[in-house]
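Remember, predicted model here, so these are calculated numbers, not experimental data. A note on names: the letters A, B, ... follow the listed sequences, proteins ahead of strands, and every chain is numbered from 1.
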Protein chains: 2
Amino acid sequence: MSPKEEIVASRKQQIMNSAAILFASQGYYKTTTALVAEAVGVTQPYVFHFFKTKEQLYLAVLDHAFQRMQDAFARVEAPPEQLSEKLGEAFNDLLATHKNEILLLMQSFTTPEPGVREFTKERFSLIHDRIKERFEKAGVPNASHEASMFISCGLIITLSEVLEMPKLSPWCGLD
Amino acid sequence: MSPKEEIVASRKQQIMNSAAILFASQGYYKTTTALVAEAVGVTQPYVFHFFKTKEQLYLAVLDHAFQRMQDAFARVEAPPEQLSEKLGEAFNDLLATHKNEILLLMQSFTTPEPGVREFTKERFSLIHDRIKERFEKAGVPNASHEASMFISCGLIITLSEVLEMPKLSPWCGLD
DNA sequence: CTTCATTTATTTATCAATAAATAAAACATG
DNA sequence: CATGTTTTATTTATTGATAAATAAATGAAG
């Protein structure tokens, strides 16, 4: 990558980073391309130099977030009886290091843009399948059910973060 | 209620009904006041005769949905060891009879309008407290944790409905 | 009962603001 | 100068909201 390309890549990445923060906290519709541009220190039309449409920008950010999550889970190694716990830890680490992305993807299913729906559905399906596989290979009896419960845990944690209600978090009095 | 008031009330209710359907399936921002009006067969400005702002309409619908849910849970009576199951049944019944409202309120925490956030937070807090109380009175050890898990179950069911992914539902292979 | 007045229900017309997207110009730099 | 980067200027569409007008119903008075 030549130095020139580095700058371009960094601009694009800057835009995606700012977009991730804004989309996560304000959602798809309240996040205007002008706000994203302003956060980066660039003019609004310039955003369209990197992303053909606002939706493309959103999908790019979402894709990145899903990818990071998949990788994090794939990196987990644990004996069968600790698998669930270790996957949970991986999720928590991600929540600590990339909160924006996690909140974004756990909320994305709410964005009623058809393109977003389709993409989100596909990715959630993938995540579920992968987690299920992990449980299956660990010999857990009802792997699909277990995978669903794991994801539902992610959802309630997201809810507790979004509403700033620690008491909603399932590890509230424990851990 | 005089016949005149009945007609007014029915108009208002019609608007709230149509709004519930639209808000649930298209979210807050894609649901325009014009769409709501059209669904009822009324002009767009007339909606503002009943609700001062679009947000007020949304909150009214949301309030109605939360109320119905609270009532449904309050009506549940069960021995301690069946409480969780019976509450779950109540939720499922509601999902069958008032799917729109359930989807709406389980997604509402995603709407970044400050007024909506506050309202949603307050109501989710109430729901959690009530469920927790029920578990406490039933002598369940970790009532708060149990209440959170119950709500998280509602969330994943909603996700599975919104994305039309039955395999995500925790009762997928069972029940 | 009929005529006039008053309220209630509803529409037409329109505003002001916002936001996504396009095109073309300017700027920089190797 | 030539290529890639960034801005200025502008368009077009949408949407929430307001104000004023119309129509229909109700009620009171002669």
I need the [atom1]-[atom2] distance between [X] and [N], as an integer number of Å.
X: A:E55; N: C:dA20; atom1: CD; atom2: P; result: 12 Å
X: A:Y46; N: C:dA23; atom1: OH; atom2: C1'; result: 16 Å
X: A:K54; N: D:dA13; atom1: NZ; atom2: P; result: 19 Å
X: A:Q56; N: C:dT22; atom1: CD; atom2: P; result: 12 Å
X: B:F48; N: D:dA20; atom1: CZ; atom2: P; result: 18 Å
X: B:L35; N: D:dT15; atom1: CG; atom2: P; result: 7 Å
X: A:E38; N: D:dT6; atom1: CD; atom2: P; result: 18 Å
X: B:H49; N: D:dA17; atom1: NE2; atom2: P; result: 16 Å

In the structure I gave you, are the side-chain heavy atoms of B:F73 and B:R130 within less than 4.5 Å of one another anywhere?
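A side-chain contact is absent here, since even the closest heavy-atom pair is not under 4.5 Å.
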By side-chain contact (heavy atoms from CB on, under 4.5 Å), which residues pair with A:A138, not counting sequence neighbours?
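Expected list: A:P80, A:L83, A:V140.
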Determine which pairs satisfy ring pair (Phe, Tyr, Trp, His ring centres under 6.0 Å) with at least one residue from residues 112-142 of chain A, sequence neighbours left out, and list them in order.
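Applying ring pair (Phe, Tyr, Trp, His ring centres under 6.0 Å) to every pair that reaches into residues 112-142 of chain A, excluding sequence neighbours, yields A:F66-A:F124.
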Name all residues meeting the salt bridge (charged side-chain N to carboxylate O under 4.0 Å, His left out) criterion together with [X]; count only those two or more places apart in sequence or in a different chain, and write none if there are none.
X: B:R117; answer: none
X: B:D71; answer: none
X: B:R68; answer: B:E101

With sequence neighbours left out, which residue pairs that include part of residues 75-86 of chain B fulfil the side-chain hydrogen bond (donor to acceptor under 3.5 Å, both in side chains) condition?
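The answer is none; no pair qualifies.
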Only pairs at least two apart or in different chains count here, so list each side-chain hydrogen bond (donor to acceptor under 3.5 Å, both in side chains) that has a residue in residues 36-54 of chain A.
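Listed once each, the pairs are A:T33-A:Q44.
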Check: residues 102-116 of chain A side-chain donor-acceptor pairs under 3.5 Å, at least two apart:
| unit_1 | atom_1 | unit_2 | atom_2 | d |
| --- | --- | --- | --- | --- |
| A:S108 | OG | A:L105 | O | 2.9 |
| A:T110 | OG1 | B:T110 | OG1 | 3.4 |
| A:T111 | OG1 | A:Y58 | OH | 3.3 |
| A:E113 | OE1 | A:Y29 | OH | 2.3 |

Enumerate donor-acceptor pairs with a distance under 3.5 Å from any side-chain N or O in residues 149-161 of chain A to protein atoms, sequence neighbours excluded.
| unit_1 | atom_1 | unit_2 | atom_2 | d |
| --- | --- | --- | --- | --- |
| A:S152 | OG | A:M149 | O | 2.9 |
| A:S152 | OG | B:S152 | OG | 3.4 |
| A:T158 | OG1 | A:G154 | O | 2.8 |
| A:S160 | OG | A:I157 | O | 3.4 |
| A:E161 | OE1 | A:K99 | NZ | 2.8 |

Could you run down the sub-3.5 Å N/O contacts of the protein with nucleotides 10-12 of chain D?
none

Starting from the first five and the last five pairs of the helix from C:dC1-D:dG30 to C:dG30-D:dC1, work out the angle between the resulting helix axes, to 10 degrees.
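Its terminal axes enclose an angle near 10°.
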Neighbours of DNA chain C within residues 27-34 of chain A, by heavy-atom distance under 4.0 Å:
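The stretch gives A:T31, A:T32, A:T33 as the residues lying under 4.0 Å from the strand, ordered by number.
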Would you confirm whether B:T97, through its side chain, and B:D93, through its main-chain N or O, come within 3.5 Å as a donor-acceptor pair?
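Here the side-chain-to-backbone pair exists.
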